[in-house]
2 protein chains.
Amino acid sequence: MASPIHQRLREDVLASVFAPDEPLTEAKLTERYGASRTPVREALQRLEQDGLVERRGKAVVVRTHSAEEIIDIYESRIILEQAAAAKAAVKATALDHQLLQALLLKMQQLDPSDGRALAETNRAFHSQLWHATHSPSLIGLLERLDQQVRRYTLTTLTYPGRWPVVLADYAELLAAIGDGDPERAGTIAARHMSDALTIRLKMYAEDPRTL
Amino acid sequence: MASPIHQRLREDVLASVFAPDEPLTEAKLTERYGASRTPVREALQRLEQDGLVERRGKAVVVRTHSAEEIIDIYESRIILEQAAAAKAAVKATALDHQLLQALLLKMQQLDPSDGRALAETNRAFHSQLWHATHSPSLIGLLERLDQQVRRYTLTTLTYPGRWPVVLADYAELLAAIGDGDPERAGTIAARHMSDALTIRLKMYAEDPRTL
DNA sequence: CGGCATACTTATGTATACAATCGTGTACAG
DNA sequence: CTGTACACGATTGTATACATAAGTATGCCG
């Protein structure tokens with residue numbers, strides 16, 4: 001399914017290699033990745049369907065999201081994360097729980113100033129949680145949403161005082177999942193994501209460029 | 001975005017023109033739609049990403065879902081429909097509300113035995129409701145889920161006694177949306193979708209082929 | 001008679017040539 | 001000076017030829 005150039009192009013887009021208004025001409029990408037137009041076109045099409053790029057007139061450009069769009073995506077994600085946490089509380093296996101515990105432990109030992117590591121491990125934790133639902137459709141929907149905003153690397157994790165709260169939330173969440181309490185797990189997850197949105201909005205208010 | 005052959009192929013897949021095990025070779029589709037392999041390949045790729053077809057070994061075949069997968073998708077949809085109804089109660093404009101009312105009226109005047117018309121109008125109602133949220137992400141997620149199971153035309157709408165309940169549910173839902181009551185709207189939508197799942201499971205228990 | 005290796009057929013993956021279209025710049029007219 | 005029309009250039013859309021790999025049938029060996 002995933003061709004090598006599709007992956008490379010996606011990573012480059014997510015890493016903001018291309019400017020928001022820079023046209024991703026097939027010729028340019030052809031040269032960059034050393035492949036012919038056919039696989040390049042296929043990769044572009046996939047990214048378009050994933051919502052990572054869009055056609056502007058004839059050209060394809062990296063897709064940007066307005067503050068409203070990001071809020072909208074966030075709100076949908078709150079819904080889905082709540083549902084996922086609740087379902088994980090019911091469906092998670094002992095292995096799922098142990099893997100999540102291991103990730104949490106790892107996060108507790110990270111350097112809180114290393115934003116990159118924080119974001120990376122945090123993503124892994126979420127992904128693991130999604131998989132603990134054993135619900136392919138939920139996983140698919142959440143991955144889709146996540147990917148659309150992944151380019152906005154400015155996470156809320158480095159916001160002053162946020163990281164310890166995140167760790168506490170996760171510990172609490174795992175406890176609820178361990179107890180098989182879907183309602184509590186869902187509530188915690190919803191509050192957690194809702195807080196993240198609040199912080200993001202605060203960050204945006206302080207400096208709109210951080211969007 | 002949507003090329004003509006992509007649309008045609010999708011419609012054919014949704015209309016079960018191809019057998020579940022029939023390999024959709026590019027040559028065959030090339031001949032069927034009178035285009036060359038390039039656009040055919042692009043269409044196949046899109047349908048694959050939409051979850052309508054899948055690669056089995058080298059060949060591409062229509063994707064089928066097990067009972068478990070359909071239940072899983074349904075459960076995710078319950079979540080999203082509840083969220084959408086709640087959000088519509090907050091965001092719907094007067095025009096949205098009128099359009100929904102008009103659709104409901106149309107449904108009330110339909111012949112309850114015309115399963116095809118029921119399914120079609122019902123889908124239109126849902127779609128209109130989604131759009132009343134004015135949330136692109138929610139709309140996108142719901143459309144995605146819907147498309148994945150649209151091929152299983154056996155809707156619950158023709159189940160004995162179901163249709164009047166559906167109409168009553170929708171009337172109640174519109175009242176809640178008109179009152180701007182997100183909680184009530186969400187509850188009604190969730191119950192409605194949950195009932196649909198229950199009926200579907202009952203139908204499946206009575207005759208597993210109806211899946 | 002059965003299993004495995006090998007050659008062949010067929011379908012997909014890739015590259016490239018050709019066609020069509022869109023955007024742009026320029027020139028001319030008002 | 002501005003607006004419009006036309007022509008040219010660049011880029012994407014389509015078709016096809018070629019390369020590669022997967023699946024299959026056949027024949028030989030155990």
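In what follows, chains carry the letters A, B, and so on, assigned in the order in which the sequence lines appear, proteins first and then strands, with residues in each chain numbered from 1.
Using a 4.0 Å heavy-atom criterion, one finds that A59(B) contacts no nucleic acid atom at all.
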Open item on the list: What verdict does the side-chain contact (heavy atoms from CB on, under 4.5 Å) test give for R151(B) and R63(B), after you've listed the backbone C-alpha separation in whole Å, the side-chain angles of each residue and the deciding distance to 0.1 Å?
Closed with: CA-CA 10 Å; R151(B) 214 170 58 77; R63(B) 177 160 174 192; over 6 Å; no
TODO: I would like to know whether D195(B) and T198(B) meet side-chain hydrogen bond (donor to acceptor under 3.5 Å, both in side chains); could you show each step before the answer?
DONE: CA-CA 5 Å; D195(B) 288 350; T198(B) 302; 5.0 Å; no
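Going from atom NE2 of H6(A) over to atom P of dT14(C) covers 14 Å, rounded to whole Å. Whole-Å rounding puts the D21(B) CG to dG23(D) C1' distance at 16 Å. Computed from coordinates, the R41(A) CZ to dT14(C) C1' distance equals 14 Å when rounded to whole Å. In this structure, L44(B) places its CG atom 14 Å from P of dA11(C), rounding to the nearest Å. In this entry the distance linking CD of Q45(B) with C1' of dT12(C) reads 12 Å, nearest Å. Protein atom CZ of R55(B) is 15 Å distant from nucleotide atom C1' of dG23(D), rounded to whole Å. Across the protein-nucleic acid pair, E42(B) atom CD and dA15(D) atom P stand 11 Å apart, rounded to whole Å. In this structure, the CD atom of E26(A) is 15 Å from the C1' atom of dA17(C), given to the nearest Å.
With D96(A) contributing its side chain and T93(A) its backbone, the two residues share a donor-acceptor pair below 3.5 Å. In this structure, the side chain of R46(A) does not engage the main chain of H6(A) through any donor-acceptor pair within 3.5 Å.
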Please produce a list of atom pairs where a protein N or O lies less than 3.5 Å from an N or O of nucleotides 19-21 of chain D.
| unit_1 | atom_1 | unit_2 | atom_2 | d |
| --- | --- | --- | --- | --- |
| dA21(D) | N3 | K58(B) | NZ | 3.3 |

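An OP1 or OP2 oxygen of dA15(C) is reached within less than 4.0 angstrom by a side-chain nitrogen or oxygen of S36(A).
Around the NZ atom of K28(B), the shell of radius 6.0 Å holds more than 12 heavy atoms that belong to other residues, nucleotides or ligands.
Of the listed nucleotides (dG13(C), dG13(D), dT14(D)), dT14(D) has the atom at the smallest distance from the side chain of P39(B). Taking the side chain of A35(A) as heavy atoms from C-beta on, and the options dA15(C), dT14(D), dT12(C), the nearest nucleotide is dA15(C). Checking dA17(C), dT16(D), dT12(C) against every side-chain atom of R37(A), the shortest atom distance belongs to dA17(C).
Between the axis at the start and the axis at the end of the helix from dC1(C)-dG30(D) to dG30(C)-dC1(D) there is an angle of 10°, using five pairs per end and rounding to 10 degrees.
Tested against R32(A) for a side chain to side chain contact (heavy atoms under 4.5 Å, CB included), the candidates V17(A), V40(A), L24(A) yield a single pass: V17(A).
Contact check for R191(A) versus D169(A): side-chain heavy atoms found under the 4.5 Å cut-off.
Taking each heavy atom of V61(A) and D21(A) in turn, the nearest pair found is CG1-O, 4.0 Å.
No hydrogens or angles were tested; on distance alone, a donor-acceptor pair under 3.5 Å links the side chain of T38(B) to the base of dA15(D).
The aromatic rings of F125(B) and Y170(B) sit parallel, their planes meeting at an angle under 30°, below the 60° perpendicular limit.
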